[in-house]
Number of protein chains: 2
Amino acid sequence: MARKSATGRIGIADVAVKAGVSHATVSRVMNGNFTVDPDIAARVRAAAVELKYQPNPVGRSLALGKTDTIGIVVPDLANPTFQAILRGLSRAAAQDGYRVLIADSFEVSSEESILAGEARRRCDGLVLCAPRMSDAELEEIAPSLHPLVLINRTTSTKGVPSLVVDYGQGVQDLAEHLAGLGHTRLAFLAGPPRSASNALRLEGLEAFKAAHPEVDVRMLEGGSDFDTGHEAVDAVLDSGATGILAFNDLVAMGLLSGLHERGLDIPGDISITGFDDIPFARYTTPGLTTAAVPITELGQEAWQQLRALIRKESTDTPGSRYQPRLEVRASTGPAKK
Amino acid sequence: MARKSATGRIGIADVAVKAGVSHATVSRVMNGNFTVDPDIAARVRAAAVELKYQPNPVGRSLALGKTDTIGIVVPDLANPTFQAILRGLSRAAAQDGYRVLIADSFEVSSEESILAGEARRRCDGLVLCAPRMSDAELEEIAPSLHPLVLINRTTSTKGVPSLVVDYGQGVQDLAEHLAGLGHTRLAFLAGPPRSASNALRLEGLEAFKAAHPEVDVRMLEGGSDFDTGHEAVDAVLDSGATGILAFNDLVAMGLLSGLHERGLDIPGDISITGFDDIPFARYTTPGLTTAAVPITELGQEAWQQLRALIRKESTDTPGSRYQPRLEVRASTGPAKK
DNA sequence: ACGGACTGAGAAACCGCTTTCTCACATTTC
DNA sequence: GAAATGTGAGAAAGCGGTTTCTCAGTCCGT
């Protein structure tokens with residue numbers, strides 16, 4: 001009979017008793033240590049199979065000092081961008097036998113450092129996704145989070161690679177595209193105020209304005225989801241802009257929908273651009289002109305970098321920078337006269 | 001100075017030394033045990049703060065026999081439905097201080113039971129999302145996974161609550177809607193063959209056919225993503241159907257896009273329905289008629305049920321059944337004469 | 001003043017597993 | 001045939017906590 005230890009689950013001791021050996025030997029067999037007599041090993045394996053024994057990972061983690069788990073902290077699990085990163089990270093990590101623990105901060109920046117710390121202690125490494133916390137706070141907690149990989153955020157802390165998308169360049173490309181179509185009045189529908197990627201976009205727009213003094217660029221308050229775009233219709237119309245740079249594809253889609261409801265023609269009356277190139281972007285009507293970011297790939301790369309850190313391979317991981325690719329579809333066209 | 005134990009991180013022993021007490025006392029203080037002298041408690045707390053001591057969760061888990069973590073196994077993390085469930089689950093669990101470990105089986109049903117077992121052993125409970133494995137296999141592993149909550153799947157194993165969406169009813173409602181608009185030739189663009197929710201839809205369609213012998217319902221092979229819908233254009237046109245029931249919103253959107261490319265008018269030429277009512281559904285052109293499923297809510301409910309199981313509250317959790325709500329938008333219209 | 005009931009904190013056991021240490025026994029070597 | 005060497009498995013010591021057990025030192029009542 002499958003006897004049960006105190007906890008009710010089969011433990012190494014049960015297998016040891018059943019096979020008539022010490023638990024040390026069971027452990028050796030389970031870990032493929034070849035210093036065990038083949039006959040005994042076979043007996044242990046048989047007992048393990050019969051009892052359906054599976055080593056308790058918690059005990060194992062404590063003894064080995066590793067959990068084979070990594071954590072990821074995201075500001076908003078509802079955001080397709082972070083979902084894609086999570087997906088890429090999870091897939092890549094799974095291939096190396098690692099699991100992923102998720103923590104959603106729900107855009108509450110004050111929670112981030114606590115969540116990050118908690119997650120980190122349960123895991124072998126951490127990916128911090130576009131944290132909303134201040135540079136100072138980030139720098140303060142970064143060392144205690146090592147091994148740590150940052151996404152869309154940088155820090156001066158040593159040994160913390162950053163994977164950043166060049167949103168500045170991307171938004172410049174989009175603005176150039178619109179300018180090339182004759183638009184002289186643009187508006188930028190901004191993202192969350194604390195978002196670093198929003199700051200990068202603003203920088204890019206400044207560069208664009210410097211290069212194109214003839215183009216007027218308005219700044220409009222915004223957010224990062226559908227509703228933001230949908231609710232921005234009035235502000236957009238009031239601005240008199242003919243080319244709208246939405247913070248991302250979601251906002252663009254919301255705006256698109258809102259403008260359609262007002263009977264406006266896209267791109268006949270107004271041109272709209274998104275950002276990210278989420279899968280849905282190509283299926284809107286009209287198809288959304290956007291800047292494509294290889295976001296799932298970014299998640300995978302995050303794992304590569306984190307793995308190097310965990311294994312202490314001294315690749316002095318410099319991080320990497322991703323260039324968005326202009327994806328021209330049908331939501332942009334010549335400026336209305 | 002912050003001395004470090006073998007592992008390099010601050011441990012309970014360091015705090016004990018610093019405060020001049022035994023680690024047992026430190027543990028008592030950290031856990032709010034009031035049998036400690038206030039002065040000593042203060043000293044310990046001060047030492048803990050100064051050393052930035054945080055109890056190691058792995059050691060804690062081993063001693064307490066709980067991890068404060070739950071697992072979720074999904075067939076495809078790219079699917080918005082599972083993302084929404086994950087979101088609801090994660091949010092609800094976080095409110096009770098639980099974290100979520102994710103496992104993606106990538107639609108490989110043979111991996112599911114292994115992933116589930118591994119995840120379960122690291123966690124206090126498990127949510128199994130629309131598993132693709134056979135009934136027999138599910139029934140076999142279910143007992144070893146307890147506490148377990150199933151989503152969109154049922155099992156006869158005792159003590160395993162199921163949260164299921166009544167896809168059969170939903171698809172019937174959609175078919176009735178199309179029939180009411182005069183469509184007599186329908187086609188169902190099926191989902192993944194092993195998907196239980198697909199089977200439920202098929203049952204619903206059988207019921208519909210029995211009630212409406214005058215309506216012709218074709219079955220078309222399919223899948224669950226955009227591309228499936230996009231690639232199904234020819235099959236749909238060949239079928240001669242004027243009303244298409246897509247497996248879900250994603251497939252419907254892909255089909256919508258493909259039909260647009262062929263210059264067809266939706267719903268003028270062909271009516272299309274989706275399923276799930278993902279956020280994007282209302283933003284397509286035309287807006288997608290679909291069956292709305294309160295999917296995030298379902299994730300939250302999964303946590304409620306799982307929590308009851310973990311806490312051994314004998315609510316003999318019967319699970320629950322969710323009725324989709326018909327959401328009529330602009331992708332369906334009168335049948336073309 | 002003395003014995004019994006309390007209090008509070010240290011010592012030790014334990015959670016489940018890995019790994020070093022140790023030692024009995026077998027094999028080799030001179 | 002005795003010493004040197006090797007081999008394999010059990011005993012025991014962690015890993016970092018929690019909790020029971022134990023026992024001084026207090027406080028109380030009589």
Side-chain angles (χ1 to χ4, degrees), chain A residues 2-45 47-48 51-68 118 120-124, chain B residues 2-45 47-48 51-68 118 120-124:
Chain A
R3 75 188 54 208
K4 42 184 180 178
S5 64
T7 60
R9 294 217 167 242
I10 303 284
I12 198 172
D14 303 302
V15 180
V17 170
K18 175 125 197 151
V21 297
S22 70
H23 44 274
T25 300
V26 176
S27 173
R28 284 191 264 260
V29 172
M30 298 303 290
N31 291 292
N33 187 323
F34 288 111
T35 71
V36 180
D37 183 288
D39 288 352
I40 296 184
R43 221 164 68 217
V44 170
R45 258 185 284 274
L51 295 175
K52 291 191 173 62
Y53 168 69
Q54 299 284 124
N56 175 329
V58 179
R60 204 149 191 281
S61 291
L62 186 58
L64 294 175
K66 67 195 198 97
T67 61
D68 291 339
E118 289 222 337
R120 175 58 187 85
R121 257 171 281 122
R122 295 184 133 73
C123 301
D124 299 342
Chain B
R3 75 188 56 207
K4 42 184 182 178
S5 63
T7 60
R9 292 213 170 247
I10 302 286
I12 198 172
D14 302 302
V15 181
V17 169
K18 175 126 198 152
V21 298
S22 71
H23 46 273
T25 299
V26 176
S27 174
R28 283 191 263 260
V29 172
M30 298 304 290
N31 291 292
N33 188 324
F34 289 110
T35 70
V36 179
D37 182 289
D39 288 351
I40 296 184
R43 221 164 69 218
V44 169
R45 258 187 283 275
L51 295 175
K52 292 191 172 62
Y53 168 68
Q54 300 283 127
N56 175 329
V58 179
R60 205 151 188 278
S61 291
L62 185 59
L64 293 174
K66 68 193 198 103
T67 60
D68 291 339
E118 289 221 338
R120 174 61 187 81
R121 257 171 282 121
R122 291 177 188 279
C123 302
D124 299 342

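Computed from heavy atoms alone, side chains included, the values below leave out hydrogens, waters and symmetry copies. Each chain gets a letter, A, B and so on, in the order the sequences are listed, and its residues count up from 1.
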Counting the atoms with a prime plus P, OP1 and OP2 as sugar-phosphate, which does B:Val58 contact under 4.0 Å by heavy atoms, base, sugar-phosphate, or nothing? nothing

From CZ of B:Arg122 over to C1' of C:dC17, roughly how many Å is that when rounded to an integer? 13 Å

Presence of A:Tyr53 side-chain N/O under 4.0 Å of C:dG16 phosphate oxygens OP1/OP2: no

What does A:Val36 touch in the nucleic acid at a heavy-atom separation under 4.0 angstrom: a base, only the sugar-phosphate, or nothing? sugar-phosphate

Under 4.0 Å, counting only non-hydrogen atoms across every strand here, what does B:Val26 touch: a base, just sugar-phosphate, or nothing? nothing

Pairs under 3.5 angstrom, nitrogen or oxygen only, protein versus nucleotides 19-21 of chain D, please.
{"unit_1": "D:dT20", "atom_1": "O4", "unit_2": "B:Arg28", "atom_2": "NH1", "d": "3.3"}

Give a yes or no answer on whether the side chain of A:Arg122 reaches the backbone of A:Thr67 with a donor-acceptor pair at less than 3.5 Å. no

When you measure from the side chain of B:Ile12, which nucleotide among C:dC15, D:dA9, D:dG17 comes out closest? D:dG17

Integer-rounded Å distance: C:dA9 P and B:Phe34 CZ: 14 Å

Rounded distance in Å - CG (B:Asp124) to P (C:dC15): 18 Å

When you measure from the side chain of B:Ser61 to the backbone N and O of B:Pro57, does any donor-acceptor pair fall under 3.5 Å? yes

How many angstroms lie between CD in B:Glu118 and CD in A:Gln54, if you round to the nearest 0.5 Å? 8.0 Å

May I have the step-by-step check of side-chain contact (heavy atoms from CB on, under 4.5 Å) for A:Arg9 and A:Asn56, ending in yes or no? CA-CA 9 Å; A:Arg9 294 217 167 242; A:Asn56 175 329; over 6 Å; no

Nearest whole angstrom, please: distance from the C1' of C:dC15 to the CZ of A:Arg60. 17 Å

Side chain to side chain donor-acceptor pair (under 3.5 Å) partners for A:Asn33, two or more places apart: A:Thr35

Within this structure, what is the CG-to-P distance between A:Asn56 and D:dC15, rounded to whole angstrom? 19 Å

Could you list the residues that satisfy side chain to side chain donor-acceptor pair (under 3.5 Å) with B:Arg60, not counting sequence neighbours? B:Asn31

Could you work out which one of C:dG16, D:dG17, D:dA9 sits closest to the side chain of A:Ile40? D:dA9

For A:Asp124, give me all partners under salt bridge (charged side-chain N to carboxylate O under 4.0 Å, His left out), at least two apart in sequence or on another chain. none

What's touching nucleotides 25-27 of chain D from the protein side, N or O pairs under 3.5 Å?
none

Atom CG of A:Leu62 to atom P of D:dT18: distance rounded to whole Å? 12 Å

Sequence neighbours excluded, which residues qualify as side chain to side chain donor-acceptor pair (under 3.5 Å) partners of B:Thr25? B:Ser22

Separation of atom CG in B:Asn33 from atom P in C:dT7, rounded to whole Å: 13 Å

Just how far, in rounded Å, is C1' of C:dC15 from CD1 of A:Ile10? 16 Å

Value rounded to 0.5 Å, distance of CG in A:Leu51 from NZ in A:Lys18: 5.0 Å

